[in-house]
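Note that the structure is predicted; figures quoted are calculated from it, not measured. Just so we're on the same page: letters track the sequence lines, and every chain starts at 1.
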Protein chains: 2
Amino acid sequence: MSASKRDELVQKALKAFYRGGFHAMGMDALAKETGVSKTAMYKHFRTKEDLILAVLRLRDEQFRNWLIRRVEALAESPRGRLLAVFDALGEWFAEPEYRSCMFIKASSEYQDRAHPIHSAAAEHKRLLLGYFEKLAREAGAKEPEELSRRILLIKEGAIVMAHLGDREAVAKSARGAAEDILAAAL
Amino acid sequence: MSASKRDELVQKALKAFYRGGFHAMGMDALAKETGVSKTAMYKHFRTKEDLILAVLRLRDEQFRNWLIRRVEALAESPRGRLLAVFDALGEWFAEPEYRSCMFIKASSEYQDRAHPIHSAAAEHKRLLLGYFEKLAREAGAKEPEELSRRILLIKEGAIVMAHLGDREAVAKSARGAAEDILAAAL
DNA sequence: TTCCTAGTTTACCGATCGGTATAGGAGAAC
DNA sequence: GTTCTCCTATACCGATCGGTAAACTAGGAA
């Protein structure tokens with residue numbers, strides 16, 4: 001089992017599902033887009049669902065690594081980093097390929113809370129919340145748990161609205177909202 | 001063309017699409033769920049897309065009417081009403097049938113900004129923004145446009161997170177975040 | 001050389017997709 | 001009673017769905 005080919009498939013499938021949606025992207029179309037034959041895909045993954053779960057695992061790792069790296073490059077203090085989250089988001093929104101959050105879309109298409117895909121989406125948000133909570137604690141917040149929930153709320157709202165409206169204005173408003181919330185919480 | 005039968009179809013289709021998703025809910029399954037024959041459905045709507053657009057029009061009207069009615073019942077002052085938005089949301093989240101926002105899901109499945117379904121979702125958010133802006137203006141906000149954007153941001157974030165995590169905690173945090181933002185904006 | 005592995009192409013499976021055609025039934029209007 | 005409207009049920013269309021079977025090829029190891 002060539003691990004590199006498998007990873008290549010997951011990476012290309014990630015892009016394809018991100019652009020096309022999970023139900024709308026069929027396995028035949030996926031084979032054509034990735035350049036990997038259907039037979040090979042089913043050698044690596046028993047079902048489409050398994051492939052999607054692998055895609056989500058990759059995306060979770062990819063996104064959180066990117067966000068943390070970016071935030072740490074943009075600001076030094078914990079407080080500055082909580083705000084830098086929204087500068088990083090602004091950069092993401094400015095990419096022409098931006099199409100909302102893969103996990104929000106996954107939970108939209110697989111709504112049952114018991115479904116593994118829905119759970120994977122929830123887990124991603126939980127991990128993000130953990131990072132924000134760490135920053136909030138370092139920043140000396142009175143209630144770091146509550147502050148991190150509010151930061152996450154604004155982040156998710158920004159992602160949704162950036163997909164539907166003026167992306168630049170959304171990033172700015174989100175940062176402004178975060179400033180107000182930080183001012184009240186520290 | 002019996003208008004009442006048509007409306008009945010749209011109402012039942014709304015529930016079916018809300019539970020099942022747009023791509024996942026096929027026209028045969030829809031006929032079974034609504035009790036309306038496929039032939040009759042295609043007498044009223046030329047395509048599935050047309051039916052979905054009618055569903056979204058109904059949902060927009062339904063949701064905004066409900067929200068405005070609820071907000072006006074919960075508080076008298078414009079400031080209080082901006083906060084009551086999140087009490088109303090909390091009531092919505094508590095319903096067992098709650099499954100996120102139909103328009104967020106629509107824009108997740110139809111991502112192209114030029115697609116009529118995506119546009120309908122964007123329009124719904126624009127109308128909500130208008131309502132919040134009116135309240136912000138009445139409340140005497142320095143920048144009502146900016147304040148309304150921030151309120152909408154928190155509302156959308158709350159809807160997403162309520163779909164993925166602890167709904168009660170989300171509603172509370174959203175209200176708290178809105179309080180901070182109102183305090184800074186008025 | 002021989003064998004195994006990892007991948008390919010092509011074709012196929014039953015089911016479902018969105019959409020249509022046909023025939024007929026129930027009820028109101030004339 | 002007849003016609004028109006609105007609906008039904010059933011069957012069908014070609015295309016695509018997720019998934020599988022079979023035969024083949026290229027490369028590396030024994």
Could you work out, with ring-ring contact (aromatic ring centres under 6.0 Å, His included) as the rule, every residue matching B:Phe86, not counting sequence neighbours?
none

Under the ring-ring contact (aromatic ring centres under 6.0 Å, His included) rule, collect the residues that match up with B:Phe45, sequence neighbours excluded.
none

Nucleotide N/O of nucleotides 20-28 of chain D paired with protein N/O under 3.5 Å:
unit_1: D:dA21; atom_1: N6; unit_2: A:Thr39; atom_2: OG1; d: 3.2

First locate atom CG of A:Leu51, then atom CG of A:Leu9, and finally report the distance between them rounded to the nearest 0.5 Å.
5.5 Å

Working to the nearest 0.5 angstrom, can you tell me the gap between B:Lys48 NZ and B:Met25 CE?
8.5 Å

Rounded distance in Å - [atom1] ([X]) to [atom2] ([N]):
X	N	atom1	atom2	answer
A:Arg6	C:dG7	CZ	C1'	16 Å
B:Ile117	C:dG18	CD1	C1'	13 Å
A:Phe45	C:dG7	CZ	P	11 Å

Given that B:Ser37 and A:Lys48 both sit by DNA chain D, which one's nearest nucleotide is further toward the 5' end?
B:Ser37

Sorted by number, the residues of residues 14-34 of chain B with heavy-atom contact under 4.0 Å to DNA chain D
none

Once salt bridge (charged side-chain N to carboxylate O under 4.0 Å, His left out) is applied, do any residues pair with B:Glu179, and if so which ones, sequence neighbours excluded?
B:Arg175

Not counting sequence neighbours, which residues clear salt bridge (charged side-chain N to carboxylate O under 4.0 Å, His left out) with B:Glu109? List them please.
none

Assign the ring pair B:His23 / B:Tyr110 to parallel, tilted or perpendicular, where the plane angle (0 to 90°) is split at 30° and 60°.
parallel

For a side chain to side chain donor-acceptor pair (under 3.5 Å) with B:Ser173, tell me which candidate from A:Arg150, A:Glu146, A:Glu145 qualifies.
A:Glu146

